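Worksheet: one structure, shown below.
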Amino acid sequence: MRIVLLGAPGSGKGTQSQLLVKAFGIPQISTGDLLRDAVAKRTELGLKAKSAMDAGKLVDDATVLGMMRERLSRPDAAKGFILDGFPRNIPQAEALSKMLAEMGAPLQAVVLLNLDLGILFKRLSGRRICESCGRVFNIYTAAPAALEHCDKCGAEHRLIQRPDDKEEVIGKRLDVYEAQTKPLISFYTAAGLLRVVDADADVNAVFGNIRNAIGAAAQAPGRSPSA
Ligand code: AMP
């Protein structure tokens, strides 16, 4: 299955991707995770990307597309993938459809996780991550069960906040979504690939909605949006 999870920052793309990985045995390809990893390892690409990320802006298309081309060419992507956080604008979507056409593996569905802006803001500003295992909590909606230890790995809590989840950066990220990413809704609607899912529910209910939305698409041969 080859799908894109589309949605604003905080709409649950990362969490739902992980459930899809478990259910379908295909990799999640998150440009945000790949970029954060490059920043942490201080690679040339990471150093180039860091200032845009810290400011809540998009990293330049050439950098992201080079990274994606390499990632999609790895063997595990041959059986399918879930794209999380990519594409983020029309030029990236056009480049993706070209890349996948060359690979003979067009997209089968684009799932939009639909959520109100006010809820997105709360989700992002409340997000905290266990430094040891990466478990995601939310101080407003999914607080850790114990104060001292992580529910998942048991390590003493060191909950960290992503630099771009600070309130002053969130507004910028949501503006970027509105201006640059939202036009993808029309782009993929025109291609007959868009499925809209209500993302204002608990994690398992949203996952059920996604499964229903992609049920038929998973069997389809896929489509290339005409650029
Ligand atoms: P995310 O984890 O998807 O919210 O991404 C975190 C940050 O990484 C974004 O705010 C951007 O700075 C950068 N980023 C992630 N994906 C892309 C992309 N497809 N194009 C450009 N920048 C991206």
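What you are looking at is a predicted structure, and each value in this text was computed from that prediction instead of being measured.
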Q: Kindly indicate, with the supporting measurements, whether the criterion side-chain contact (heavy atoms from CB on, under 4.5 Å) is fulfilled by Y140 and S125.
A: CA-CA 9 Å; Y140 303 121; S125 59; 3.8 Å; yes

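- Applying the salt bridge (Lys or Arg N to Asp or Glu O under 4.0 Å) test to pairs two or more places apart or on separate chains, none has a residue in residues 77-93.
- Rounding to the nearest 0.5 Å places NZ of K48 at 9.5 Å from OG1 of T43.
- For the pair I210 and L19, the minimum side-chain heavy-atom distance is 4.5 Å or more.
- Within 6.0 Å of the CD atom in E44, the count of heavy atoms belonging to other residues, nucleotides or ligands does not exceed 12.
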Legend entry - Stepwise side-chain contact (heavy atoms from CB on, under 4.5 Å) test for L6 and V111: CA-CA 6 Å; L6 188 63; V111 178; over 6 Å; no

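- Environment of CZ in R74: crowded, with over 12 heavy atoms of neighbouring residues, nucleotides or ligands closer than 6.0 Å.
- At distances below 3.5 Å, at least one donor-acceptor pair connects side-chain atoms of R2 with backbone N or O atoms of A105.
- Inter-residue side-chain proximity for F81 and D76 is flagged as unmet; no heavy-atom pair is nearer than 4.5 Å.
- A 6.0 Å sphere centred on CD of E156 holds no more than 12 heavy atoms belonging to other residues, nucleotides or ligands.
- Closest heavy-atom contact between A8 and L174: CB-CD2, 4.4 Å.
- For the atom pair CG of D61 and CE of M68, the computed distance is 12.5 Å after rounding to the nearest 0.5 Å.
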Given I185 and V196, is the side-chain contact (heavy atoms from CB on, under 4.5 Å) satisfied, shown in steps?
CA-CA 9 Å; I185 295 175; V196 182; over 6 Å; no

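- Proximity of R173 to K57: side-chain heavy atoms (C-beta onward) are nowhere separated by under 4.5 Å.
- Looking at P106 and S97, their side chains never come closer than 4.5 Å, going by heavy atoms from C-beta outward.
- With hydrogens and angles left out, the side-chain atoms of S51 and D54 include no donor and acceptor closer than 3.5 Å.
- Residues I170 and M53 are members of separate hydrophobic clusters, defined by side-chain heavy-atom contacts under 4.5 angstrom among Ile, Leu, Val, Met, Phe, Trp and Tyr.
- When every heavy atom of V4 is checked against every heavy atom of F86, the shortest pair comes out as CG1-O, 3.8 Å.
- For K166, the NZ atom sits in a packed shell: over 12 heavy atoms of surrounding residues, nucleotides or ligands are nearer than 6.0 Å.
- The structure places NZ of K122 at 12.5 Å from CG of L120, a figure rounded to the nearest 0.5 Å.
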Go through the steps to decide whether L58 and Y177 satisfy the test side-chain contact (heavy atoms from CB on, under 4.5 Å), and finish with yes or no. CA-CA 10 Å; L58 293 187; Y177 175 78; over 6 Å; no

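- Between the N89 side chain and the T181 main chain, no donor and acceptor come within less than 3.5 Å of each other.
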Which donor-acceptor pairs under 3.5 Å do the side chains of residues 198-207 make with protein atoms, sequence neighbours left out?
{"from": "D198", "atom 1": "OD1", "to": "D200", "atom 2": "N", "distance (Å)": "3.0"}
{"from": "D202", "atom 1": "OD1", "to": "N204", "atom 2": "N", "distance (Å)": "2.9"}
{"from": "D202", "atom 1": "OD1", "to": "A205", "atom 2": "N", "distance (Å)": "3.1"}

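- The two residues S17 and I82 come nearest to each other via the heavy atoms OG-CG2, 3.7 Å.
- Considering only heavy atoms from C-beta on, L113 comes within 4.5 Å of K13 through its side chain.
- Under the 3.5 Å distance criterion, the side-chain polar atoms of R195 are matched with a main-chain donor or acceptor of L193.
- L117 and F121 end up in the same hydrophobic cluster when Ile, Leu, Val, Met, Phe, Trp and Tyr side chains are linked at under 4.5 Å.
- With hydrophobic clusters built from ILVMFWY side chains whose heavy atoms lie under 4.5 angstrom apart, V176 does not share a cluster with L184.
- Taken to the nearest 0.5 Å, the CZ atom of R42 stands 8.5 Å off from the NZ atom of K50.
- Smallest separation of non-hydrogen atoms from C130 and F137: CB-CE1, 4.2 Å.
- Within the 3.5 Å criterion, the main-chain N or O of N138 finds no donor-acceptor partner in the side chain of T141.
- Considering CD1 of I214 and CG of N209, their distance stands at 11.5 Å, rounded to 0.5 Å.
- For the pair L115 and G10, the tightest heavy-atom approach, listed with the atom from each and the gap, is CD2-O, 4.0 Å.
- For R135 (side chain) and I129 (main-chain N/O), no donor-acceptor pair under 3.5 Å exists by modelled atom type.
- Cluster membership check: M67 shares its hydrophobic cluster with L96, using side-chain heavy-atom separations under 4.5 Å among Ile, Leu, Val, Met, Phe, Trp and Tyr.
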message = For a salt bridge (Lys or Arg N to Asp or Glu O under 4.0 Å) check, start with the C-alpha distance between R69 and E102, then their side-chain angles and the critical distance, and finish with the verdict.
response = CA-CA 11 Å; R69 186 174 290 280; E102 282 163 17; 3.7 Å; yes

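- Between A77 and I29, the shortest heavy-atom contact is CB-CD1, 4.5 Å.
- A 4.5 Å side-chain heavy-atom check between V21 and I26 finds every atom pair outside the cut-off.
- Linking Ile, Leu, Val, Met, Phe, Trp and Tyr residues whenever their side-chain heavy atoms come within less than 4.5 Å places Y188 and M99 in a single cluster.
- Atom CD1 of residue I3 and atom CZ of residue F24 lie 7.5 Å apart, to the nearest 0.5 angstrom.
- No side-chain heavy atom of F187 sits less than 4.5 Å from a side-chain heavy atom of P87.
- Between the side chain of K172 and the backbone N or O of D164, no donor-acceptor pair lies under 3.5 Å.
- Residues Q18 and Q28 are in side-chain contact: their nearest non-hydrogen atoms beyond the backbone lie under 4.5 Å apart.
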Determine whether D165 and R128 satisfy the following criterion, salt bridge (Lys or Arg N to Asp or Glu O under 4.0 Å), listing intermediate values before the conclusion. CA-CA 9 Å; D165 280 345; R128 298 292 183 277; over 6 Å; no

